[in-house]
Amino acid sequence: MTANSMSDTSSTCHSLNATVLKRNAWWEQFAQFGLCSPALLLVLIILVLPVGWLFSVSFVGANGGFSLENYSRMVESKSYYRIFITTFQVSLLSTGLCILIGYPFSYFLSQLPSRLASLCLITVLLPFWTSLLVRTYAWLVLLQRKGLVNDWAIQLGLWEEPIKLVHNMTGTLIGMVHIMLPFLVLPLYNSMKAIDRSYLNAASNLGASPVRIFWTVFFPLSTPGLFAGALIVFVLCLGFFVTPAVLGGGKVIMVSMKIASNIELFVNWGAASALGVILLLLTMIILWFAGRFLGFDRMAGSGVG
Amino acid sequence: MTNQDREALPITIRGVTKAYGRTKALDAVDLDIKEGEFLTLLGPSGSGKTTLLMVLAGFTRPDCGSVLFGDKEVIHMPPHLRDVGMVFQSYALFPHMTVAGNIGYPLRVRGISKDEIQKRCEWALETVQLGGYGERRVEQLSGGQKQRVALARSIVFEPQILLMDEPLSALDKKLRDHMQIELRRLHEKLGMTTVYVTHDQREALTMSDRIAVVNHGKLMQVDTPARIYDQPANRFVADFIGDSAFLPVTRSGNTASYAGTVLKIDHALPDGDLLLMIRPERLKIQSGTISEDSNSFDGIVSDVVYQGDSFALYATLPDGQSVSLRGVIRSSTLSALPKVGAPIKLYLEREDTVLISAAEV
């Protein structure tokens, strides 16, 4: 190719093969999008359709026609109001307790040599290998009036009379915190592990005492993991059924239990659906607020790193 | 508001030893660093240079030894009480703070008032030529800017000692060259005692008042850049700094000879076995007669490599030893470069003929 012909091609470059290249680019995008269509279809079938159906059912009244009675009942009845308060109370308390126990534990793990840390992590994950129901009933055995905890505490002289540890809020919280803890520890441990030691060294070199380094450097850098973990725990708690049902002993009634009784006892799908819809909306509103004030990218765990 | 109201501190290191298992990262290191001096610890990776810096900063606890800042023993002091500035290799800028937040950090932990912090931050940013960058987020900065912020943060509390751990290694070559000059200028302005760690010999030669060459946890030679380059204490130093060829030399009394010819030299012979060190830029091509005061070598050209501003010529001497020569290319010499396979006469001026001890250590 001579120098002359080269300058020719470059001068006509704006049109040379442009149509073909544009079409190829379009095809490529289409094909890549097409690859994820099975997943999209799955989401449509198992998520969008059922939720849509749930929505529509909640607007069906006892007579089979369109009605808002499922929602108006919630506004009128005090018991519904109490159920929602209880649900959020239990969820918040469980999340808070998980943070109180999980944060120091994750910190401890993150400071261990990685081999020892993996071993300790297994002990966190071990309960996952047993059924949820088994673990919940195990707590029932431990915490009941003549259970192991009461027996030992009395023998050790911690308290005189057996105290009520189960079939109430205390029992529910103990069980829920135990089950939720790994969901907090795992993301939190990962985000702590990712904190570069050089930040801590730098802070120390700049004159900060160890306590100061923790609060000004380590803790802020661990918050993405903390938010992510707390979020998972909180959302899981909101819809939790088995543990509060067994350990609450009917005294701690959460939305999920009301939904179950609506269907099992009254076969009222409309009322159950309406409860589901309200819980979903309330959760979304809370998350939206949390996202606005804490920064959603931080909650998703992709913030600072 | 510069450092002049605070005296720079000398550093005295005595017998500092640190072993990891059976390998000694530092082996009884003694070193005196003068106040206000720019001293570079130079060595290959794993030589112990970074360990020594970490001992100075307080992040590594040595097995034994003593470190004095001025006349104060600091060996037992935790890092946050040592009051030394440090620039980390990774910069270690806090990602959750702005530029001003980072620079103000050492001042905040010292309980300095807000107005004063702002004033000093501005001064530090001006000093590293980043005025007005205070509100930027760390992730918005380029590598060179991060480097400057890290530097500003390490000098803002006016430490008397500044430590730098390969601070320029993450920058590209042009920026690195520029920052070398700038760091040097900053050191002259602030006058704090500076200990700089690098594995880049050119960087060390460019910036330092003195260089301490480290290998296997020991100091090989501590001297000015010119003396390190021209009179290396041993083969390791000669090999590590600059390119050179080494020819075996026979010693008889007070003279040394190569291939049967007595070498004309300027300096006293070192002890032990000897090597003739030939730097490529000191070796010259002989055309016509040369002065009596030089040492000449016959050889065969084995390769000629064009390198733009210069050329490298490789020649084989009669005894099979290979030497290289670097020459400047001018348009007139380009066509006259020797051809491969041609015989060639090379020579070294008397003052460029350097004999070094053959010992590795």
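A, B, ... follow the sequence lines: proteins, then strands. Residue 1 opens every chain.
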Inset, instruction - Identify the two heavy atoms, one from Asn205(A) and one from Val84(B), that lie closest to each other, and give their separation to 0.1 Å. - result: ND2-O, 2.9 Å
Inset, instruction - Identify the two heavy atoms, one from Ser198(A) and one from Ser90(B), that lie closest to each other, and give their separation to 0.1 Å. - result: OG-OG, 3.4 Å
Legend entry - Main-chain N/O of Gly207(A) paired with Arg82(B) side-chain donor or acceptor, under 3.5 Å: no
Legend entry - Per-residue contact mode, Leu93(B) against chain A (heavy atom under 4.5 angstrom): backbone
Legend entry - Shortest non-hydrogen contact from Phe157(B) toward Leu206(A): CE2-CD2, 3.6 Å
Inset, instruction - Assess whether atom CZ of Phe108(A) is packed by more than 12 heavy atoms of other residues, nucleotides or ligands within 6.0 Å. - result: no
Legend entry - Top of Thr216(A), Leu200(A), Ile213(A), Asp196(A) for chain B proximity - count of heavy-atom pairs under 4.5 angstrom: Thr216(A)
Inset, instruction - Tell me the residues of residues 43-80 of chain B whose non-hydrogen atoms fall below 4.5 Å from those of chain A, in number order. - result: Phe59(B), Pro79(B), His80(B)
Inset, instruction - Count the heavy atoms belonging to other residues, nucleotides or ligands that lie under 6.0 Å from NZ of Lys193(A), then report whether that count exceeds 12. - result: yes
Inset, instruction - Sorted by first residue and then second, give each salt bridge (charged side-chain N to carboxylate O under 4.0 Å, His left out) pair with at least one member in residues 217-239 of chain A; sequence neighbours left out. - result: none
Inset, instruction - Please report the shortest heavy-atom distance between Arg212(A) and Arg108(B), naming the atom on each side. - result: NH2-O, 3.6 Å
Inset, instruction - Could you pull out the closest heavy-atom pair between Tyr199(A) and Phe94(B), with the gap in Å? - result: O-CE2, 3.3 Å
Inset, instruction - Locate the shortest heavy-atom distance separating Ala203(A) from Tyr105(B); write the atom from each residue and the value. - result: CB-OH, 3.8 Å
Inset, instruction - Mind checking the NE2-CZ spacing from His96(B) to Phe219(A)? Nearest 0.5 Å is all I need. - result: 11.0 Å
Legend entry - Within 6.0 angstrom of Gln29(A) CD, more than 12 heavy atoms from elsewhere: no
